[in-house]
Participant: 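I am attaching a structure below and will ask some questions about it afterwards.
In this text, all values refer to a predicted model and were calculated from it rather than measured experimentally. Each chain gets a letter, A, B and so on, in the order its sequence line appears, and its residues count up from 1. These values consider heavy atoms only, across backbone and side chains, with no hydrogens, waters or symmetry-generated copies.
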Amino acid sequence: MKILVNCALPYANGPLHPGHIAGAYLNADIFVRYQRMRGNNVLFVSGSDEHGTPITITAEKEKVDPYVISSRFHEEHLETFRNLDINFDIFSRTTYPEHSETVKEFFMHFYRNGLLKERMMVSPFCPTDGRFMPDRYIEGTCPYCGYTQARGDQCDNCGRTLDPQELIEPRCILHGTPPEFRETKHLFFQLEEFQDQLLEWLDTKTFWKPNVMAFTRNFIKSGLKERPITRDIGWGVRVPVEGYEDKRIYVWFEALIGYVSGARIYSRETGQDDYWKDFYFNPEVKNYYFMGKDNIPFHTIIWPAMLMAMGKYNLPYLVTANEYMNFKGLKFSKSRGIGYTVNEILKLVDRDYVRFYLAFNLPEGGDSDFSLEDLQNRVNTELIDKYGNLVHRITSFVVNSQIVPEFNVEIMDETDRTILSQAADAAANFSHHVEAVEIKKALSSWLELVRQSNSYFNDSAPWTLKKTDPKRCSHKLHISLYLIQALSAMAYPFIPSSSVGMLTTMGSKKFRENGINWDLTELAGSEFTPVKSDPPFRKLDIIKGNPNFLDLKIGEIVDVKNHPSADRLYIIRVNMGYRSAQVVAGLRQHYSPDQLLGRKIIIVDNLKWSKIRGEESQGMLLAADDGKTVSLLSPGDTAVKPGTPVKIGDYEYNTSGKIDIDKLKEAKLHIEEVDGTRRAVAVLDNEILPLNASGALFSSYEEVSSGATVR
RNA sequence: AGCGGGGUAGGGUAGUUAGGAGAUCCCGACGGGCUCAUAACCCGUAGAUCAAUGGUUCAAAUCCAUUCCCCGCUACCA
């Protein structure tokens, strides 16, 4: 059976972080590996999306050609995927000539069929640069609320959608000069013509995940409108029509066609030019699309409409989209310094550990959270302790005891029958879930069998049977080996290289003969000759040597109430980004509620909760006190988001557990001159280190003298 | 403001589409077992007013309504 799997093309304008991988690529790779184990013929395509404004902006900043930027990240992405064992058949580029040709074919087909209509638009034109500017490059005063920094597409203050012409005193953000509004012509794709056909098609997609369907229906409900597919920009695929020499095709239209051009390029490179055609034109072939949630409407509305317009192309069979994987509750962001890139993580952690953790934590149902501590914990306990140790204890027992494992149907007992039926159930559930792209559920049924297998081995106690009933011992060992063979085969899509290692160690005859395939999960014909080996995994120990025991976070005061039974105390509610906390603070003599509201402050988030005069305090806010003045600590950068972790020096908090007030005092938080400015510092390992978040240091809101203690 | 997602034991989570078993699993705490194994594995105990309020129902974490709180998107970006 042939299957086409397309993954949203990552934008070549920055490094990949775990959120990208968990959003679309790892689940696709797992799906593809599984399908290949089942003997299916998969074409697995993705590539770099290289066009679009952001890349030109980066290029302008660095004063290089946009191609330099996209090439840099294309290479980097290729390496990241390779390092993670995510193996596309082709990872193409939208700057390849074959891509432009394919885009041209689509374009001309639409053009000839009257699906592209010319419209005049009025766009801002910067006379200083002599070119049209994107709407968001224009800034001015909002006509509705008077906000002076409203953007041309939207006002950040009142949230209203704007047209750049509506702005009072518009100016170009690059030059500060007022733009002219000039007429410019563009071609519009007649999306609305496909509305009925799309709705009809969507009605057949009862098996799609609710998030995808809800998003799509909502989008259509608000009305499909014709969309411009050309724009005034110099970077992109040329428009193959006279009078459009200065314009390029809009990326949203062109990047999607990258799936087709990628498949064609792969076919040509492998010397079978027509190979791709069956995947797109044979209606028996199912087409799967993987992406993050932001990409849903492009794949459930625009791309299907384009394929409908082309006529004979297969429409997507399943469109699956994950939510976001965040970093400690905040969105991964290279520019804001939140989280790590995949390549940074791979320097510390084996690829299979990363794959396992991300798969375990995939944001399939809702957003999930990434952290190195959690990664280490999950990998050490579930992958290594439970599974790795199971494989190792079984194979090394067999090797050391020199018992030949042999299945004997006549001495099957109840526990044997139970575990074998559990194994069959697990394999069936696993298949069902992977096929439905419910990767986390598949992994759960695998983990359940790991647990059951450990339990079985414990109950079997072959170390006792060895002396009392060698025949039964040999029989139980054979079943145990069969279990880890099945588990390792099932684990292959998740942790490919480790899985192969396991099967080699246990001396699986089927594996030697057929390579990894799904038949490994069948008991019949299984034979094993385990070899002596080291434990299959080394435990992770990456969280250490860090003296920072303070979990400090940026908080924003959202509510202040008087404590009902204490004259000096406030009850303050603090927004911590991914949650809020109530703290009791003795600030009534120093601040009025109005002064506190909206302020960004630092919260100690791993302090033991306590009741202060009957009210729960879930942390402590930091304030400096020099004996005269009490002042809250102020983050140097007021744009810093609530929930942002505060580092001490370069140390990020990454242990766990609550501390008490006495422990907090050991950090000796105080105010001290750093480079001529009074800063909040802590003492760790006899070293004075400044508190900082997103690169900014902290001072106090009110002036306090150097040496003031922070409490 | 609009749209999307969320609030379940000390922490992290599953379950919510199709309402009913003791609400799942991991870490952490406590007790026991085993000794093949990487201080690992197995068994058990404690710990949750399933955000709040109201409603539908014989029955609600799950359905409906209202409210509160959080995140994301609406600036390129899974």
Side-chain angles (χ1 to χ4, degrees), chain A residues 7-8 10-11 13-14 16-26 49 52-58 134 136 151 153-161 209-211 213-215 218-219 222 251 290-296 321-326 329-335 360-361 363 365-369 371 374 377-378 380-382 384-386 388-398 400-401 440-441 444 447-448 451 454-464 466 480 534-539 558-559 573 575-580 608-609 641-643 656-658:
Chain A
C7 272
Y11 205 57
N13 190 36
L16 293 169
H17 54 63
H20 293 112
I21 303 302
Y25 306 103
L26 179 62
D49 176 1
T53 326
I55 288 177
T56 62
I57 294 174
T58 309
R136 62 169 180 278
R151 288 195 322 270
D153 51 348
Q154 193 178 35
C155 172
D156 275 336
N157 191 46
C158 66
R160 248 178 275 247
T161 310
K209 288 184 191 168
N211 64 339
M213 207 36 113
F215 220 105
N218 225 302
F219 196 95
S222 62
V251 269
F290 289 77
M291 71 218 64
K293 62 178 165 185
D294 55 319
N295 243 319
I296 291 172
N322 282 347
E323 305 287 315
Y324 287 129
M325 177 181 276
N326 297 317
L330 298 169
K331 206 176 165 185
F332 275 98
S333 168
K334 180 71 182 168
S335 51
F360 190 90
N361 210 358
D367 289 356
S368 68
D369 214 59
S371 79
D374 193 40
N377 180 40
R378 284 292 168 196
N380 282 349
T381 60
E382 315 232 27
I384 302 183
D385 289 346
K386 297 253 177 341
N389 182 53
L390 174 71
V391 172
H392 188 234
R393 69 196 291 218
I394 291 172
T395 52
S396 52
F397 184 88
V398 174
N400 294 335
S401 67
K440 273 207 289 192
K441 285 184 181 170
S444 299
L447 274 167
E448 194 182 351
R451 250 176 271 125
N454 263 313
S455 190
Y456 171 80
F457 194 71
N458 259 51
D459 293 344
S460 302
W463 45 92
T464 309
K466 182 170 72 171
S480 301
D534 292 329
F537 296 119
R538 203 172 338 132
K539 285 218 209 184
V558 291
D559 189 39
R573 182 145 288 276
N575 168 14
M576 313 264 294
Y578 54 98
R579 64 188 178 82
S580 71
K608 276 182 186 148
W609 292 13
K641 286 207 168 189
S656 59
K658 300 276 180 191

Participant: Under a 3.5 Å cut-off for both distances, is B:A1 Watson-Crick or wobble paired, and to whom?
Facilitator: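 Its partner is B:U74 (Watson-Crick or G-U wobble, both distances under 3.5 Å).
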Participant: Between B:C3 atom P and A:Ile296 atom CD1, what is the distance in whole Å?
Facilitator: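 For the pair A:Ile296 CD1 and B:C3 P, the rounded distance is 17 Å.
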Participant: Any side-chain heavy-atom pair from A:Tyr25 and A:Pro10 closer than 4.5 angstrom?
Facilitator: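 Yes, close enough: below the 4.5 Å cut-off.
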Participant: Given that both distances must come in under 3.5 Å, which nucleotide forms a Watson-Crick or G-U wobble pair with B:G44?
Facilitator: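 Pairing partner, where one exists within any strand: B:C30.
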Participant: Under a 3.5 Å limit for both distances, which nucleotide forms a Watson-Crick or G-U wobble pair with B:C25, could you say?
Facilitator: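 Across any shown strand, B:C25 pairs with B:G12.
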Participant: When you measure from the side chain of A:Lys539, which nucleotide among B:U38, B:C76, B:G12 comes out closest?
Facilitator: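 Nearest nucleotide to the side chain: B:U38.
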Participant: Between B:A60 and B:C50, how far apart are the C1' atoms? Round to whole Å, please.
Facilitator: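 Roughly 11 Å separates the two C1' atoms.
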Participant: P atom, B:A48 versus B:A23: distance in rounded Å?
Facilitator: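 Pairwise P distance, B:A48 against B:A23, rounds to 12 Å.
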Participant: How long is the gap from CG on A:Leu390 to OG on A:Ser455, to the nearest 0.5 Å?
Facilitator: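 The distance works out to 11.0 Å.
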Participant: Among A:Asn13, A:Ile55, A:Val251, which residue meets the side chain to side chain contact (heavy atoms under 4.5 Å, CB included) test with A:Asp49?
Facilitator: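 Single pass found, and it is A:Val251.
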Participant: May I have the distance from A:Asn361 (atom CG) to B:U13 (atom P), rounded to whole angstrom?
Facilitator: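 Between P of B:U13 and CG of A:Asn361: 8 Å.
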Participant: Please give, in whole Å, the distance from B:C36 P to A:Asn400 CG?
Facilitator: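 For the pair A:Asn400 CG and B:C36 P, the rounded distance is 10 Å.
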Participant: Which letter, B, S or -, goes with each nucleotide of nucleotides 42-48 of chain B from 5' to 3', with contact meaning a protein heavy atom under 4.0 Å?
Facilitator: BS-----
Participant: Any side-chain heavy atom of A:Pro363 within less than 4.5 Å of one from A:Tyr324?
Facilitator: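 They are not in side-chain contact.
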Participant: Partner lookup for B:G19, please. Criteria are Watson-Crick or G-U wobble with both distances under 3.5 angstrom; report none if nothing qualifies.
Facilitator: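 Base partner found: none.
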Participant: Pick the P atom in B:U66 and in B:C3, then give their distance to the nearest Å.
Facilitator: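 Their P atoms lie roughly 13 Å apart.
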Participant: Base, sugar-phosphate, or nothing for A:Gly292, non-hydrogen atoms under 4.0 angstrom?
Facilitator: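 Sugar-phosphate contact only.
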Participant: Mind checking the NE2-CG spacing from A:His20 to A:Leu26? Nearest 0.5 Å is all I need.
Facilitator: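 Answer for the NE2-CG pair, A:His20 versus A:Leu26, is 14.5 Å.
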Participant: Choosing from B:C76, B:G12, B:C41, which nucleotide comes nearest the side chain of A:Arg378?
Facilitator: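 Within the option list, the nearest is B:G12.
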Participant: Rounded to the nearest Å, what distance is computed from the CE atom of residue A:Met291 to the C1' atom of nucleotide B:C77?
Facilitator: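 The distance from CE of A:Met291 to C1' of B:C77 comes to 16 Å, rounded to the nearest Å.
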Participant: When the C1' atoms of B:G4 and B:C41 are compared, how many Å lie between them, rounded to an integer?
Facilitator: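 Rounded to whole Å, the distance is 44 Å.
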Participant: Pick base, sugar-phosphate or nothing for A:Phe537, based on heavy-atom distances below 4.0 Å to the nucleic acid.
Facilitator: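 Base contact.
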Participant: Measuring only the P atom in each nucleotide, how far is B:C69 from B:A52? A whole number of Å is fine.
Facilitator: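 Taking atom P in both B:C69 and B:A52, they lie 15 Å apart.
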Participant: Rounding to the closest angstrom, what is the interatomic distance between B:U62 and B:A14 at atom C1'?
Facilitator: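 One C1' to the other, the span is 13 Å.
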Participant: Measure CZ/A:Phe360 against P/B:C26 and give the value in whole Å, please.
Facilitator: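 Taking atom P of B:C26 as the reference, CZ of A:Phe360 is at 9 Å.
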Participant: So how far is it from A:Phe457 CZ to A:Asn389 CG, rounded to the nearest 0.5 Å?
Facilitator: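 Result: 10.0 Å between the selected atoms.
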Participant: How close do A:Ala22 and A:Met325 get, heavy atom to heavy atom, and via which atoms?
Facilitator: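 So the two residues come closest at CB-CE, 3.7 Å.
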Participant: Heavy atoms under 4.0 Å, any strand shown: does A:Lys440 hit a base, just sugar-phosphate, or nothing?
Facilitator: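 Touches sugar-phosphate only.
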Participant: For A:Pro536, answer base if it contacts any base atom (sugar-phosphate contacts may also be present), sugar-phosphate if it contacts only those atoms, and nothing otherwise; contact means non-hydrogen atoms under 4.0 Å.
Facilitator: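 Base contact - A:Pro536 has a heavy atom under 4.0 Å of at least one base atom.
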Participant: For B:A65, give its Watson-Crick or G-U wobble partner with both distances under 3.5 Å, or none.
Facilitator: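 Pairing partner: B:U53.
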Participant: Write down the distance between CE (A:Met325) and C1' (B:G72), rounded to a whole number of angstrom.
Facilitator: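 Atom CE in A:Met325 sits about 15 Å away from atom C1' in B:G72.
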Participant: To the nearest 0.5 angstrom, please state how far the NE2 atom of A:His17 sits from the CG atom of A:Asn326.
Facilitator: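 Spacing of NE2 (A:His17) from CG (A:Asn326) equals 9.5 Å.
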Participant: Taking the side chain of A:His20 as its heavy atoms from C-beta onward, which of B:C77, B:C41, B:G12 lies nearest to it?
Facilitator: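 Side chain of A:His20 sits closest to B:C77.
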Participant: Would you measure the distance from the C1' atom in B:G12 across to the matching atom in B:G54 and give it in whole Å?
Facilitator: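 Between the two C1' atoms, the distance is 32 Å.
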Participant: Can you tell me how far the CG atom of A:Asp385 sits from the CG atom of A:Asn454, to the nearest 0.5 Å?
Facilitator: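 Answer rounded to 0.5 Å: 10.0 Å.
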Participant: So which one's nearest nucleotide on RNA chain B is more toward 5', A:Asn380 or A:Gly19?
Facilitator: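 Looking at the nearest nucleotide for each, A:Asn380 comes out on the 5' side.
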Participant: Check every strand shown and say whether A:Tyr11 touches a base, only sugar-phosphate, or nothing at a heavy-atom separation below 4.0 Å.
Facilitator: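 The residue A:Tyr11 makes sugar-phosphate contact but no base contact.
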Participant: With nearest nucleotide decided by heavy atoms, which residue, A:Thr381 or A:Phe457, maps closer to the 5′ end of RNA chain B?
Facilitator: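 Result: A:Thr381.
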Participant: So A:Asn295, base contact, sugar-phosphate only, or nothing? Heavy-atom distance under 4.0 Å.
Facilitator: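 Since only primed, P, OP1 and OP2 atoms lie under 4.0 Å of A:Asn295, the category is sugar-phosphate.
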Participant: Give the rounded distance in Å between these two atoms: NZ of A:Lys441 and C1' of B:G15.
Facilitator: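 Going from NZ in A:Lys441 over to C1' in B:G15 covers 9 Å.
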Participant: What is the distance from atom NZ of A:Lys209 to atom CD of A:Glu323, rounded to the nearest 0.5 Å?
Facilitator: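 That separation rounds to 9.5 Å.
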Participant: Verify the stacking flag for A:Trp463 against B:C36: centroid separation must be under 5.5 angstrom and the ring planes must differ by under 30 degrees.
Facilitator: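 Stacking between A:Trp463 and B:C36: present.
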Participant: B:C63 and B:C27: how far apart are their C1' atoms, nearest whole angstrom?
Facilitator: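 Between the two C1' atoms, the distance is 34 Å.
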Participant: What's the CG-C1' distance between A:Asn389 and B:C26, to the nearest Å?
Facilitator: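 Result: 17 Å.
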